[in-house]
K.L.:
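My structure is below; once you've seen it, I'll send some questions.
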Amino acid sequence: MPELPEVQTVINGLNNLVLGKEIKELVELRHNTIEWQIPVTNLGKIELITRRGKYIIIQTSKNYKLVIHLRMTGKLIFETNLNKTAVHIRAEIIFTDKTKLIFDDIRTFGKIQIMKSADEVEAFNRLGVEPLSLEFDEKYLGKILTKKTAPVKNILLDQQVIAGLGNIYAAEILYRCKLDPRKPGSKLKAADINKIVKYTKEILKEAIKNNGTTISDYRNVEDKTGEFQNFLKVYGKKNCECGAVISKIKQAGRSTYFCEKCQK
DNA sequence: ATTGCTTCCTGAGCGC
DNA sequence: TGCGCTCAGGAAGCAA
């Protein structure tokens, strides 16, 4: 489900709705949803909500953090109406003012980790740069891409290279670059690498502005869909704007959509 | 070291 | 209507 723009949209919503609230308790409704790295009875107030790749990090006043990954179908929905029924609730974060944040997840791949603020998240050691940071530039990407023989689409999906891209945005970025997703990284020219950097930043910013992309399950904190699906050019499309039929192939087990006429 | 296949799980959509 | 198959925004864990 959610890639960087969707995760950022969720975080923006959390900043509006739950920042400053005091956590009363965490309820796990399905085993293996919450991973307590240390036992905690009083988490404190929510002080800071940030993002790293596709991870949501919630810092609290008692120096703990909740690290949440939504994976494919995870949703964080702010509920004031306690009677409203959601079908796949895996955990609830209940606040002292009786409101709650519901963690709903159909496919149960999502996780919430609880740990001390100062402790490092092991998975973060394996993450590459933030695509919207200055660190993500032609020099960084060129150095990595030219050494790899894997298809450029697979490299863009690799969280160790760029943290936050997923299947939809990788497809859209390569479409805007007019690059064939099957092209090996080592075959890319300097001009191609410049385009990838430029359009990655551009597309992610546009998607965040439009509250992310909803294909099926993704919702923001207010249970609303995003709007960027209305601007997709290639993912899930039958035809390209040029009139040609969009090809759908498998790469590393994932669907890749691209236009063989426009993307070389 | 790199690449890519399989796996975790549930539900929707399709053909027969 | 219903069964069985394929597919789905992710990424860890393997095997080649």
K.L.:
Can a donor-acceptor pair be found between the side chains of A:Thr9 and A:Asn211 at a distance below 3.5 Å?
P.N.:
no

K.L.:
What is the distance from CZ of A:Arg254 to P of C:dT6, rounded to the nearest Å?
P.N.:
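Taking atom P of C:dT6 as the reference, CZ of A:Arg254 is at 19 Å.
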
K.L.:
Quick one: which of C:dC7, B:dG4, B:dT10 gets closest to the side chain of A:Ala252?
P.N.:
B:dG4

K.L.:
Roughly how many Å is it from NZ in A:Lys54 to P in C:dA11, rounded to a whole number?
P.N.:
4 Å

K.L.:
Tell me whether A:Phe109 and C:dA11 count as stacked here, given that the ring centres must be under 5.5 Å apart and the planes must differ by less than 30 degrees.
P.N.:
no

K.L.:
Using a distance-only test with no angle check, is there a side-chain donor-acceptor pair under 3.5 angstrom linking A:Asn167 and A:Lys153?
P.N.:
yes

K.L.:
Distance check needed: B:dC8 P versus A:Asp105 CG, whole Å only.
P.N.:
16 Å

K.L.:
Rounding to an integer number of angstrom, what distance separates C:dC5 and B:dT7 when you compare their P atoms?
P.N.:
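After rounding to an integer number of Å, I get 16 Å for this pair.
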
K.L.:
Rounded to whole Å, how long is the line connecting atom CD1 of A:Ile106 with atom P of B:dA12?
P.N.:
7 Å

K.L.:
In terms of side-chain heavy atoms, does A:Gln8 have a donor or acceptor partner in A:Asn12 at a distance below 3.5 Å?
P.N.:
yes

K.L.:
Take atom CD1 of A:Ile215 and atom P of B:dG13, then tell me their distance rounded to the nearest Å.
P.N.:
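For the pair A:Ile215 CD1 and B:dG13 P, the rounded distance is 14 Å.
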
K.L.:
Rounding to a whole Å, what distance do you find between A:Lys111:NZ and B:dT7:P?
P.N.:
18 Å

K.L.:
Work out how far the P atom of B:dT6 is from that of C:dT6, and round it to whole angstrom.
P.N.:
13 Å

K.L.:
Before you tell me yes or no, could you show the steps for A:Glu202 and A:Arg176 under salt bridge (charged side-chain N to carboxylate O under 4.0 Å, His left out), namely the whole-Å CA-CA distance, both residues' side-chain angles and the distance that decides it to 0.1 Å?
P.N.:
CA-CA 10 Å; A:Glu202 199 173 284; A:Arg176 199 169 291 191; 3.0 Å; yes

K.L.:
Considering only B:dG11, B:dC9, C:dA12, which nucleotide approaches the side chain of A:Arg107 most closely?
P.N.:
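That would be B:dC9.
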
K.L.:
Regarding A:Gln251, tell me which of base, sugar-phosphate or nothing describes its non-hydrogen contacts under 4.0 Å with the strands shown.
P.N.:
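Nothing: the residue A:Gln251, judged by heavy atoms under 4.0 Å, touches no strand.
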
K.L.:
What is the distance from atom CG of A:Leu165 to atom CG of A:Leu156, rounded to the nearest 0.5 Å?
P.N.:
6.0 Å

K.L.:
How close or far is atom P of C:dG10 from atom OH of A:Tyr218, stated in whole angstroms?
P.N.:
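Taking atom P of C:dG10 as the reference, OH of A:Tyr218 is at 14 Å.
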
K.L.:
Do A:Thr256 and A:Gln251 have a side chain donor and acceptor closer than 3.5 Å?
P.N.:
yes

K.L.:
Do you see a donor-acceptor pair shorter than 3.5 Å between the side chains of A:Tyr169 and A:Thr200?
P.N.:
no

K.L.:
Using the P atom in both, what is the distance from B:dC5 to C:dC7, to the nearest Å?
P.N.:
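It comes out at 14 Å once rounded to the nearest Å.
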
K.L.:
Nearest to the side chain of A:Thr108, heavy atoms from C-beta on, is which of C:dA12, B:dC9, C:dC7?
P.N.:
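So the nucleotide nearest the side chain must be B:dC9.
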
K.L.:
Under 4.0 Å between a Lys/Arg side-chain N and an Asp/Glu carboxylate O for A:Glu6 and A:Lys75?
P.N.:
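Here A:Glu6 does not pair with A:Lys75 in a salt bridge, since their nearest N and O are not under 4.0 Å apart.
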
K.L.:
Look at all strands and tell whether A:Tyr169 reaches a base, only sugar-phosphate, or nothing, counting heavy atoms closer than 4.0 Å.
P.N.:
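No contact.
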
K.L.:
Quote, to the nearest angstrom, the P distance that separates B:dA1 from C:dA11.
P.N.:
22 Å

K.L.:
The side chain of A:Lys248 is closest to which nucleotide in this list: C:dA11, B:dC9, C:dC7?
P.N.:
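The nucleotide sitting nearest to the side chain is C:dC7.
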
K.L.:
Once you round it to whole Å, what is the distance between P of B:dG4 and CZ of A:Arg182?
P.N.:
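Distance check: A:Arg182 CZ to B:dG4 P gives 14 Å.
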
K.L.:
If you measure from the Lys or Arg side-chain nitrogens to the Asp or Glu carboxylate oxygens, is any gap between A:Glu130 and A:Arg51 under 4.0 Å?
P.N.:
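Here A:Glu130 pairs with A:Arg51 in a salt bridge, since their nearest N and O are under 4.0 Å apart.
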
K.L.:
Would you mind telling me which of C:dA11, B:dG4, C:dA12 lies closest to the side-chain atoms of A:Gln159?
P.N.:
C:dA11

K.L.:
Quick one: do the A:Glu227 and A:Gln229 side chains pair a donor with an acceptor below 3.5 Å?
P.N.:
no

K.L.:
Whether A:His69 contacts C:dA11 is assessed here as follows: a side-chain N or O lying under 4.0 Å from the phosphate OP1 or OP2. Is that the case?
P.N.:
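Yes, within the criterion.
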
K.L.:
Out of the candidates A:Lys65, A:Glu47, A:Gln59, only one should pair with A:Ser117 under the side-chain hydrogen bond (donor to acceptor under 3.5 Å, both in side chains) rule; please name it.
P.N.:
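That would be A:Gln59.
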
K.L.:
Dot-bracket for DNA chain C: what is it, with Watson-Crick or G-U pairs under 3.5 Å, [ ] where a pair crosses earlier ones, and | for a pair to another strand?
P.N.:
.|||||||.|||||||

K.L.:
Kindly state which residues belonging to residues 136-158 of chain A come within less than 4.0 angstrom of DNA chain B, counting heavy atoms of the residue only, listed by number.
P.N.:
A:Lys148, A:Thr149, A:Ala150, A:Pro151, A:Asn154

